[in-house]
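A short write-up of the structure that comes next.
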Amino acid sequence: MMLPVTQQQVVSLGLLGLGVYFTVQLIRGLLGYRRYLRVRPSAVATWPAPRQAITLWLVALGAFGGVVALLNAWLQRPPHHVYGLAVMSAYFVVMVPLATTIRLGVYRGGIWADAGFIRWEGIARVAFRETPEVVLSLLPRSGRGAFPLPVPPEEYGAVRKVLAERSRTGELHLDPAILGL
């Protein structure tokens, strides 16, 4: 059964948009991982990112998307349909496992948090939330939103010490607190 022309166009545009979106995300992810490879040798205090229960499901989704992309290619669907599904599959099969290998923590040039790497000079404010787990929130000068960093209890003292040291040497220059607090 064929869909009406209008619905076919909507599906086509959706798959084209999916292809563009995941192409951009795949490129951003690979560039971010390349940046991590450059930063990795300068590790000061790092730890593996917390395991996410959904990781396996995302990889399975990517594998299923790959099968659907192959099926669409075999059925000779338009190239952008196949491409959209294939690039989505590649993102989940490649980037999700690759991202789990990035070690969070403190590096010589800055901090690698959940949202990526932020250089010392790019940090405007820091705050620890200490219950129930320790999370360091880094607010960038760019105003781009917080960079949360879950800190294992055994690394808490080392992270505080590095922050104090970087502040003392002037590498980390924090904005004054709001209302003097």
Side-chain angles (χ1 to χ4, degrees), residues 1-41 43 45-107 110-119 122 129 131-140 142-153 155:
M1 179 176 146
M2 291 292 290
L3 293 174
V5 174
T6 306
Q7 288 178 345
Q8 287 180 22
Q9 290 173 338
V10 169
V11 169
S12 266
L13 282 173
L15 288 169
L16 181 63
L18 188 74
V20 170
Y21 174 78
F22 277 104
T23 298
V24 169
Q25 292 305 314
L26 193 55
I27 291 169
R28 284 183 66 222
L30 291 171
L31 290 174
Y33 189 74
R34 189 176 78 179
R35 183 177 193 186
Y36 169 70
L37 292 176
R38 285 194 315 263
V39 169
R40 184 173 59 181
T46 65
W47 51 90
R51 283 268 180 231
Q52 302 292 325
I54 197 167
T55 301
L56 185 59
W57 289 105
L58 293 175
V59 173
L61 173 69
F64 179 72
V67 170
V68 173
L70 289 172
L71 179 64
N72 272 272
W74 183 69
L75 293 173
Q76 298 180 350
R77 297 277 201 260
H80 62 281
H81 288 205
V82 176
Y83 179 78
L85 292 165
V87 76
M88 178 205 63
S89 172
Y91 176 82
F92 287 114
V93 170
V94 174
M95 284 314 306
V96 169
L98 207 56
T100 63
T101 65
I102 294 175
R103 293 182 63 86
L104 302 177
V106 181
Y107 292 83
I111 294 179
W112 201 288
D114 281 345
F117 188 73
I118 183 168
R119 297 185 118 354
R129 186 184 72 218
T131 56
E133 63 273 338
V134 177
V135 177
L136 171 61
S137 290
L138 305 158
L139 296 175
S142 67
R144 208 182 101 203
F147 281 60
L149 175 65
V151 179
E155 298 291 344

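Just so it is clear, the model here is predicted, and its values are computed rather than measured.
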* With side chains defined as the heavy atoms from C-beta onward, is the minimum distance between Q76 and W74 less than 4.5 Å? -> no

- Query: Is there a side-chain contact between I111 and L149, using heavy atoms and a 4.5 Å cut-off?
  - Reply: yes

Cut-off 3.5 Å, no hydrogens considered: what does the side-chain donor-acceptor table look like for residues 4-22, sequence neighbours left out?
{"residue": "Q8", "atom": "NE2", "partner": "L3", "partner atom": "O", "Å": "2.7"}
{"residue": "S12", "atom": "OG", "partner": "H80", "partner atom": "NE2", "Å": "3.3"}
{"residue": "S12", "atom": "OG", "partner": "H81", "partner atom": "NE2", "Å": "2.8"}

- Task: Could you tell me whether the side chain of V59 reaches within less than 4.5 Å of the side chain of P97, counting heavy atoms only?
- Result: yes

field: Other residues, nucleotides, ligands: >12 heavy atoms within 6.0 Å of I54 CD1
entry: no

Across all chains, not counting sequence neighbours, the side chain to side chain contact (heavy atoms under 4.5 Å, CB included) partners of P48 are R103

Practice prompt. Determine whether M95 and L30 make a side-chain contact, defined as any pair of heavy atoms from C-beta on separated by less than 4.5 Å.
Written response: yes

>> Can you confirm whether more than 12 heavy atoms, excluding those of R35, are under 6.0 Å from its CZ atom?
In response: yes

Practice problem: Taking the side chain as every heavy atom from C-beta outward, state whether D114 and F147 have any atom pair closer than 4.5 Å. | Solution: no

For the side chain of T55 and the backbone of Q52, is there at least one donor-acceptor N/O pair under 3.5 Å apart?
yes

Strictly distance-based, threshold 3.5 Å: is any side-chain N or O of W112 a donor or acceptor partner for the main-chain N or O of V39? no

So CZ of F64 and CG of L71: to nearest 0.5 Å the spacing works out to 9.0 Å

So do L104 and P50 actually touch side chain to side chain, heavy atoms under 4.5 Å? yes

TODO: Would you indicate whether R34, at its atom CZ, is surrounded by more than 12 heavy atoms from other residues, nucleotides or ligands within a distance under 6.0 Å?
DONE: no

Could you check whether any side-chain heavy atom of I27 comes within less than 4.5 Å of a side-chain heavy atom of L31, counting everything from C-beta outward?
yes

Check your understanding: Going by distance alone, is a donor N or O of one side chain under 3.5 Å from an acceptor N or O of the other, for Y36 and T101?
Key -> no

_Are the side chains of V87 and Y83 in contact, using a 4.5 Å heavy-atom criterion?_
yes

